[in-house]
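Given the structure is predicted, the values throughout are model-derived calculations rather than measurements. Every chain is numbered from 1 and lettered A, B, ... according to where its sequence line falls, protein lines coming before strand lines.
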Protein chains: 2
Amino acid sequence: MIEELRQLGFRRTGGLVDLLTAMVRHHLPYTLAELAELPGLKERDQATIYRLIMKLKDVGKVRQLNLTGRVIHYQIVVPGHHHDYLICETCGGVSEVPVACTLGTVERQIMKRFGWKGLHHELEFYGVCPACAAS
Amino acid sequence: MIEELRQLGFRRTGGLVDLLTAMVRHHLPYTLAELAELPGLKERDQATIYRLIMKLKDVGKVRQLNLTGRVIHYQIVVPGHHHDYLICETCGGVSEVPVACTLGTVERQIMKRFGWKGLHHELEFYGVCPACAAS
DNA sequence: ATACATGCAAACATTTTGCTTTGGC
DNA sequence: GCCAAAGCAAAATGTTTGCATGTAT
């Protein structure tokens, strides 16, 4: 993957390697602050991580998720994988929806009928998780 | 509608009336800054609008949308209406998806099978709008 | 050698809160 | 008169940028 990025003008720096390693491990959404706490990134400046994330976003390797309004989440893009999210409005927890997503057809429909390009989507379900509902 | 809110402990203040009037007019998503520019709200303090929005959110009359990651949008809830959004990554424009949404069944499925309560969802399609694609 | 990446610090944009005054009930 | 809402100003939070230094190519 690093090789692929080098084709795109990236340098093989310690920061890039550490960041990709951390993000690929579970390919979950992370905030900038969470990334800076991950093993291998603890010593790195958040500004550095931020700039790497922006570059990876530009080439489509990272996707930005607006899950909460207060912090931005970032997730590594794994080809063939799609994610939808379940967010608890009480505890703020984020998990993935254990149900297949069927919006690909809608996406293609919009591109074809209305002339949009490069569509992708973000789907979040908000509510109260079982644990919070119990208490 | 004001009457309904009074049952919930709201006072019939000028701010509340002006805010509801502005938000109901087109029932579109607005940022706090945009709300403060709307007719009838120009003279009101943003903190006042903010606190009203929070109270309305608490009772389910307003929904928060995390469309961009940098600013939060708020939209009045109109029973029976549901909205999905098309967001241009180039110009930042927000429009509504002119296609019916079929996620209600998924929602019920998640509540039933996994024990979540009070689910609703937010769906955004991101891409490049026809106008930006042309230039 | 050169250009890009990094670290540190500061600038920015928004959201959120404290406190005093005003106004609804 | 009492308690909540409004207005003003400041604090808090998270994102983004400037600049000097280090490093990959």
Are any non-hydrogen side-chain atoms of B:Leu56 and B:Leu20 less than 4.5 angstrom apart? yes
Hey, mind stepping through A:Tyr126 and B:His121 against side chain to side chain contact (heavy atoms under 4.5 Å, CB included) and telling me if it holds? CA-CA 6 Å; A:Tyr126 294 88; B:His121 68 269; 5.9 Å; no
Those residues of residues 43-60 of chain B lying under 4.0 Å from DNA chain C by at least one heavy atom: B:Ala47, B:Tyr50, B:Arg51
How would you give the extent of chain A contacts on DNA chain C, as first and last nucleotide 5' to 3' within a 4.0 Å heavy-atom cut-off? C:dA3 to C:dC8
Partners passing side chain to side chain contact (heavy atoms under 4.5 Å, CB included) against A:Cys91 (at least two apart in sequence or in another chain): A:Cys88, A:Cys129, A:Cys132
Under a 4.0 Å heavy-atom cutoff, the residues of residues 4-36 of chain A touching DNA chain C are A:Arg11, A:Thr13, A:Gly15
How about CD on B:Glu3, more than 12 heavy atoms from neighbouring residues, nucleotides or ligands closer than 6.0 Å, or not? yes
Closest non-hydrogen atom pair, B:Leu67 against B:Glu122: CD2-OE2, 4.1 Å
So, B:His120 and B:His82: side-chain donor and acceptor under 3.5 Å apart, yes or no? no
Can you tell which of A:Arg11, A:Met1, A:Arg12 makes a side chain to side chain contact (heavy atoms under 4.5 Å, CB included) with A:Arg6? A:Arg12
Is there a side-chain contact between B:Gln75 and B:Tyr85 in this structure, where contact means two heavy atoms from C-beta onward sitting under 4.5 Å apart? yes
Keeping to residues at least two apart or across chains, list the salt bridge (charged side-chain N to carboxylate O under 4.0 Å, His left out) pairs with something in residues 55-84 of chain A. A:Glu4-A:Lys61
Quick one: do B:Leu16 and B:Phe10 satisfy side chain to side chain contact (heavy atoms under 4.5 Å, CB included)? Show the steps, please. CA-CA 9 Å; B:Leu16 181 61; B:Phe10 284 69; 3.9 Å; yes
Taking B:Lys42 for its side chain and B:Glu37 for its backbone only, find out whether a donor-acceptor pair lies under 3.5 Å. yes
Least distance between heavy atoms, A:Glu34 atom then A:Pro29 atom: OE1-O, 4.0 Å
Selection: residues 65-77 of chain B, any non-hydrogen atom under 4.0 Å of DNA chain C: B:Val71, B:Ile72
